[in-house]
Every structure is written in C-alpha cells, then in structure tokens.
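Accompanying notes for the structure given below.
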There are 2 protein chains.
Amino acid sequence: MATPRTDPVTLEVVELIGTVVARYYEEYERAAAAHSLTGAQARVLGLLSMEPMPMRKVANKLRCEPSNITGIVDRLEARGLVERRPDPSDRRVKLAAPTKEGIGTARQLREALGFAREPLAELSDAERTVLRDLLRRMLGANAALERSQP
Amino acid sequence: MATPRTDPVTLEVVELIGTVVARYYEEYERAAAAHSLTGAQARVLGLLSMEPMPMRKVANKLRCEPSNITGIVDRLEARGLVERRPDPSDRRVKLAAPTKEGIGTARQLREALGFAREPLAELSDAERTVLRDLLRRMLGANAALERSQP
DNA sequence: TATTGTTATACTCTATAACTATA
DNA sequence: TATAGTTATAGAGTATAACAATA
C-alpha cells in the first residue's frame, strides 16, 4: 500500500474531491425532493429500476439493515412506484420491482442528475479520457465490480 | 452552458464519480463511528474545529435548518467536545466552539480519512497535477470559494 | 419589526432484537 | 437449524411552526 501524500497538489485534489462529493449529494437530494422522495427512497427506486430484486439484496446493495428496506419499500409502494412480487422459486422471498410509473420516475431522476455530466462537457474528448484513466487507477481495477455485485 | 454528453467515456466518468462519492461517504461515516459520532456530528465538529461560529452560521454552512443544529450541538456538548459561548457583541448569538478534546477528536477524524489521499499516492506528481486541473475546470473557478463562504 | 436560538411536532432513516413463514 | 421478511423499539436527523430574548 502506497504512502499517503501531503504535498499541496494532493491536498488540493482532496479538497476538490470533497467539493465533488458535497455537490453530487446536494444535486441528488434536490432531484429526489422534486419528486417528493427522500434520498433513500430515490436510491432504492434507482436500484430497482435497473433490476427487480429480493428485499435482502436491496439492503446488501445499500449497506443497511434489511428491516429498513421494509419501511422504504412500504412508502414507495404506497406511492405506486414499487410493488412486491412473490418469488416462484422461494416463497420466503419477496421481489421488489418498480411499477410502470416507478420506471418513469427513475428515468426522470437519472436525467435530472445533470451535475455529473454537464461539467464534463467543458472538457475535450481527450481530457475526459485522461480523467477516466486517472479515476480508474485511483479507485482500483475492481471498483466497478464492487458496485455491481451484492 | 455546455450540453451534457452521453458518449461512453463520459458515462464511465459519471459512474466513477458515483463510486468516489459512495466510497468517500462510507469512509466518513466509518471514521465518525469509530469515535461514536454520527456523520452530522462529525461534520459540525469538523466545521467548528476550523473556526468557532454562531449556531446560525453552522446551519448555513451545512445547508440545514438552525433548529437542527441545536440538537446536534446539544449532543456534542454532552460529550464534552463542543461548548456554547456568549458573543460579546450580540447577546442573541451563541458561539459554538470546540473544546480542547473536541479539537483533538477533529484532528483524528481528519487523519483517519485516508481514502481521499491514499489512492492519490498511486499517481505520479505530474498525474496528480493533471487531475487537479481537470477537477478545477469541472467544478468551475469559484468552487473553492463556494465552500469557504457562508 | 427583524433576528437568534430554542422548543414542540411530525416524519424519515437507522440499528437492534424478536417474531413468522418458509427452507 | 438457517434464512427472508416483518414488526417493535429507540435514537438521530430533518423541516415546519411558534416562542422568548435581543437587536
């Protein structure tokens, strides 16, 4: 493991990343609130819009206790955005799946998240590629894997 | 305002930024929990460790309602990490300030946030400079200003 | 009158533990 | 016995509205 640096450039990059994180979160909460959703509800809906899954898997993805998902899905279901389906292969399991309306809301949420893409338009194709490669190396080769797995 | 891009490189960068945000938040919560603090408490303590300030200013910095700060500072005060001081120039104002112990805890929290610095050690000096310049342009020239102001 | 901080209220998220129905 | 989902509970964060003290 490499030693953390404390030179001015490194410290400024850390500061810039902190700004990215703060701005990203604000933008996300604002997009969710525009649909009268909380951040947690928007995250669950976004996850399910990619692929319906058992309640427990939602909890694993979001790294929280399964009991929390019960309440969040309750509220999304009351809003008509998500529904619970039986799993034919295991009657203990309930599959959480977005409704037609939920899929539409999830799509609007993704499109509203302009922050992450819009500033990138300021960069050239070559610069975006450089940025991608630097972020890849920062996060390690298995970063994408981590996020897409349980 | 430039048009958001939808090419594969841009979309991957967006995904990578999402990963950065998720990892940064996890690391922050973990560091706070190691001191039996919530994320919100750690953020307030970190803010006050830079400079004591009125309760209302804390709320402005964290972009939340002032009434929330009352409770968070209550808990930090009960832990002996923060104290309320009168403002000599305005008796309505209470200045929230870290105690000696609070300053120490804030320092430990900063040092524990290895994530943001450690992966940067994988990059060369030149690469970190490139990354800095790309992030600067992404965030705009006034990004640092925004964060350090009310 | 306006501002600062607080209180009261209601809702949501969170973890923990106990419960049920399945496996 | 073990697992999936739920319920019950308690603590914390959040916004809103109303309040006392001060400007």
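All chains are named by letter (A, B, ...) in the order of the sequence lines, taking the proteins before the strands, and each is independently numbered beginning at 1.
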Those residues at least two apart in sequence (or on a different chain) that pass salt bridge (Lys or Arg N to Asp or Glu O under 4.0 Å) with E65(B) are none
For the CZ atom of R30(A) and the CG atom of L113(A), what is their distance to the nearest 0.5 Å?
10.5 Å
Between atom CE of M55(B) and atom CD1 of I72(B), what is the distance when rounded to the nearest 0.5 Å?
9.0 Å
Show me the donor-acceptor pairs, under 3.5 Å and distance only, between side chains in residues 95-106 of chain A and residues at least two apart or in other chains.
residue: T99(A); atom: OG1; partner: G80(A); partner atom: O; Å: 2.7
residue: T99(A); atom: OG1; partner: L81(A); partner atom: O; Å: 3.3
residue: T99(A); atom: OG1; partner: E101(A); partner atom: N; Å: 3.4
residue: T99(A); atom: OG1; partner: G102(A); partner atom: N; Å: 3.0
residue: T105(A); atom: OG1; partner: E101(A); partner atom: O; Å: 3.1

When you measure from every atom of DNA chain D, which of residues 28-36 of chain B have a heavy atom less than 4.0 Å away?
none
At a heavy-atom distance below 4.0 Å, what parts of residues 41-55 of chain A sit against DNA chain C?
Q41(A)
Listed by chain and number, what are the side-chain hydrogen bond (donor to acceptor under 3.5 Å, both in side chains) partners of Q108(B), not counting sequence neighbours?
none
My understanding is that only residues two or more places apart in sequence, or in another chain, count here; which of them pass salt bridge (Lys or Arg N to Asp or Glu O under 4.0 Å) with D125(A)?
R128(A), R5(B)
Answer with yes or no whether the hydrophobic clustering places L139(A) together with L131(B); edges join I, L, V, M, F, W, Y residues whose side-chain heavy atoms lie under 4.5 Å apart.
yes
What integer distance in Å separates Y25(B):OH from dT14(C):C1'?
15 Å
Same cluster (ILVMFWY, side-chain, under 4.5 Å), V130(A) and L120(B):
yes
With E127(A) via salt bridge (Lys or Arg N to Asp or Glu O under 4.0 Å) - residues at least two apart
R137(B)
Within the pair K57(B) and dT4(C), is there a side-chain N or O less than 4.0 Å away from OP1 or OP2?
no
NA contact type, I72(A), heavy-atom cut-off 4.0 Å: base, sugar-phosphate, or nothing?
sugar-phosphate
At a cut-off of 3.5 Å, list every protein nitrogen or oxygen paired with a nitrogen or oxygen from nucleotides 15-20 of chain C, distance to 0.1 Å.
residue: dA15(C); atom: OP2; partner: E65(A); partner atom: N; Å: 2.9
residue: dA15(C); atom: OP2; partner: N68(A); partner atom: ND2; Å: 2.6
residue: dA15(C); atom: N7; partner: N68(A); partner atom: OD1; Å: 3.0
residue: dT16(C); atom: O4; partner: S67(A); partner atom: OG; Å: 2.7

Would you give the length of the straight line joining atom OG1 of T10(B) to atom CG of L123(A), rounded to the nearest 0.5 angstrom?
8.5 Å
Nearest 0.5 Å, please: how far is NZ in K94(B) from OG1 in T70(B)?
8.0 Å
Nearest-0.5 Å distance, CG of residue L134(A) to OG1 of residue T129(A):
11.0 Å
Contacts of R43(A) meeting salt bridge (Lys or Arg N to Asp or Glu O under 4.0 Å) (sequence neighbours excluded), chain-then-number -> none
Residue pairs involving residues 74-83 of chain B (criterion side-chain hydrogen bond (donor to acceptor under 3.5 Å, both in side chains); sequence neighbours excluded)
D74(B)-R84(B), E77(B)-R84(B), E83(B)-R85(B)
Members of residues 75-93 of chain A that approach DNA chain C, where some heavy atom sits under 4.0 Å away:
R75(A), D90(A), R91(A), R92(A)
For DNA chain D, which nucleotides open and close the run of contacts to chain B, 5' to 3', at under 4.0 angstrom from a non-hydrogen atom?
dA12(D) to dA23(D)
Send over the distance from R56(B) CZ to dA2(C) P, rounded to a whole Å.
14 Å
Does a side-chain N-to-carboxylate-O contact under 4.0 Å join R107(B) and E111(B)?
yes
